[in-house]
Protein chains: 2
Amino acid sequence: MTQERLLETALDQFGRLGFDGASTREIARASGTSMSSITYHFGGKEGLYLACAHHITEQIRLRQAGAIRLAREAPSLGREELLERLLAVIDDVALMMLHEDSAAWSCFIVREQQQPTQAFELLYSGVMEEMLEGVEAAIGRIRPELASREIRALALTLFGQVLVLRAARATVCRALGVARLGEEEGALLRSQIRTNSLAILTGGTQS
Amino acid sequence: MTQERLLETALDQFGRLGFDGASTREIARASGTSMSSITYHFGGKEGLYLACAHHITEQIRLRQAGAIRLAREAPSLGREELLERLLAVIDDVALMMLHEDSAAWSCFIVREQQQPTQAFELLYSGVMEEMLEGVEAAIGRIRPELASREIRALALTLFGQVLVLRAARATVCRALGVARLGEEEGALLRSQIRTNSLAILTGGTQS
DNA sequence: GTCTATACTACGATAGAC
DNA sequence: GTCTATCGTAGTATAGAC
């Protein structure tokens with residue numbers, strides 16, 4: 001119970017303040033326990049940080065099960081069906097990026113991208129890799145003329161469109177003239193991302 | 001001279017470690033001076049941080065003059081010409097994101113996006129706003145059927161594609177199987193971004 | 001398992017000599 | 001302008017009581 005409270009608090013603090021910015025004193029205090037509980041349950045600050053990375057990985061796996069399944073199911077799906085599935089996966093990621101629950105995770109991950117630590121390895125091999133494989137499998141069948149490196153580049157730039165919702169959140173809010181992204185702004189951006197993705201994925205083959 | 005060295009060092013340290021992670025002791029040491037020089041020249045740690053934001057703003061203005069000019073020149077340019085100019089602007093941003101020089105700036109900005117401080121205000125009104133206006137002016141003429149909010153959403157998602165080069169750098173490197181993004185990977189990603197952007201911008205009107 | 005108490009290090013700011 | 005010296009605070013880790 002103390003362990004769970006500590007993890008929850010740590011996720012919030014590490015997300016908002018980063019590894020250095022967060023303090024074990026404050027995490028323990030906000031969890032209603034003492035600093036030495038962190039040593040007991042997680043071995044120290046770093047162990048707590050890695051436990052957060054593991055927890056984030058599991059939460060994303062739950063929410064992005066569709067993308068992970070896609071890697072296995074892509075070979076047996078038709079082209080039209082795959083396109084729709086892929087657009088749904090991109091929208092799932094966009095929804096996750098928009099949702100308030102993911103704020104701490106997103107900050108955590110964006111920090112790790114700038115200066116990867118052991119936690120990034122947990123995140124990448126724990127969930128990102130499989131999600132990318134799913135997206136790439138779908139793209140490979142939708143656009144069979146593309147080379148493997150092009151498929152990869154396409155998958156990454158598609159993700160970029162949704163990444164902007166978190167990685168440039170402050171700019172998005174300022175550009176749209178709002179303090180926080182609400183339902184309306186979320187719908188506008190998701191719709192635009194869907195339109196863009198459709199144009200990108202069918203641009204070379206349909207007309 | 002001491003002032004310049006301090007600014008340069010601070011840019012690197014704040015970029016890599018964030019405001020909390022960086023220490024004035026280390027910045028002074030690496031600049032070959034003493035902590036109290038920071039107080040003398042910048043008033044303190046926060047003043048030094050804001051001076052970094054101002055410096056980044058000026059550097060980006062220099063490198064993205066094309067985007068800033070676009071806002072003024074868009075009305076007098078033809079549709080085909082505007083499309084090419086816009087693709088060039090996007091490529092300029094991509095080049096900046098790929099270039100090693102921008103690593104510290106990018107980290108600095110990405111951090112500010114997660115937890116905006118006064119420094120974000122400097123960055124946004126100092127350069128981001130004008131760049132967005134340029135891109136929106138071009139999109140507005142290329143796709144005259146779009147509403148103003150759609151134009152804005154389109155501008156933001158277009159930027160997302162290049163943002164991925166910095167904000168998800170670690171994932172991009174892992175996905176491409178390299179330790180650092182070299183010439184080859186940069187060319188691949190820039191080419192993909194250009195293809196995507198072209199499909200997005202002409203998707204609704206040409207076929 | 002969880003607490004208090006403490007050891008040790010590093011932080012930013014400031015005073016005052018030069 | 002730049003230095004040294006120092007103050008007060010806050011960081012993590014650890015020892016030992018319960």
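Proteins get letters first, then strands, A, B, ... in listed order; numbering begins at 1 in each. Heavy-atom basis, side chains included; hydrogens, waters and symmetry copies ignored.
- Nucleic acid contact for Thr33(B): sugar-phosphate only, since backbone atoms but no base atoms lie under 4.0 Å from a heavy atom of the residue.
- Counting non-hydrogen atoms under 4.0 angstrom, Ala22(B) reaches the backbone sugars and phosphates but no base.
- Rounded to an integer number of Å, the gap from Glu26(B) CD to dA10(C) C1' is 12 Å.
- In this structure, the nucleotide among dT4(C), dT4(D), dT6(C) sitting nearest to the side chain of Met35(A) is dT6(C).
- Not a single donor-acceptor pair under 3.5 Å links the side chain of Glu84(B) to the backbone N or O of Glu81(B).
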Short N/O separations, protein against nucleotides 16-18 of chain C, under 3.5 angstrom:
none

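- Judged by distance alone, the side chain of Arg61(A) and the main-chain N or O of Gly126(A) form a donor-acceptor pair under 3.5 Å.
- Electrostatic pairing of Glu130(A) and Arg72(A) does not count as a salt bridge here, judged by no charged N lying under 4.0 Å from a carboxylate O.
- Phosphate contact (OP1/OP2 of dT2(D), side-chain N/O of Tyr40(B), threshold under 4.0 Å): absent.
- Residue-level contact check: Ser23(A) touches the backbone only, with heavy atoms under 4.0 Å from sugar-phosphate atoms and none from bases.
- Remark: Arg85(A) engages Glu73(A) in a salt bridge, criterion side-chain N to carboxylate O under 4.0 Å.
- In terms of position along DNA chain C, the nucleotide closest to His41(A) lies nearer the 5' end than the nucleotide closest to the other residue of the pair His41(A) and Arg25(A).
- With sequence neighbours left out, the side chain to side chain contact (heavy atoms under 4.5 Å, CB included) criterion links Asp12(A) to Arg16(A).
- Going from atom CD of Gln3(B) over to atom C1' of dG1(D) covers 11 Å, rounded to whole Å.
- What separates CG of Asp20(A) from P of dC11(C) is a distance of 10 Å, to the nearest Å.
- When atom types are taken as modelled, the side chain of Arg141(A) and the backbone of Leu77(A) share a donor-acceptor pair closer than 3.5 angstrom.
- Close to dT2(D), at under 4.0 Å from its OP1 or OP2, lies a side-chain N or O of Thr2(B).
- OP1 or OP2 of dT12(D) sits under 4.0 Å from a side-chain N or O of Thr24(A).
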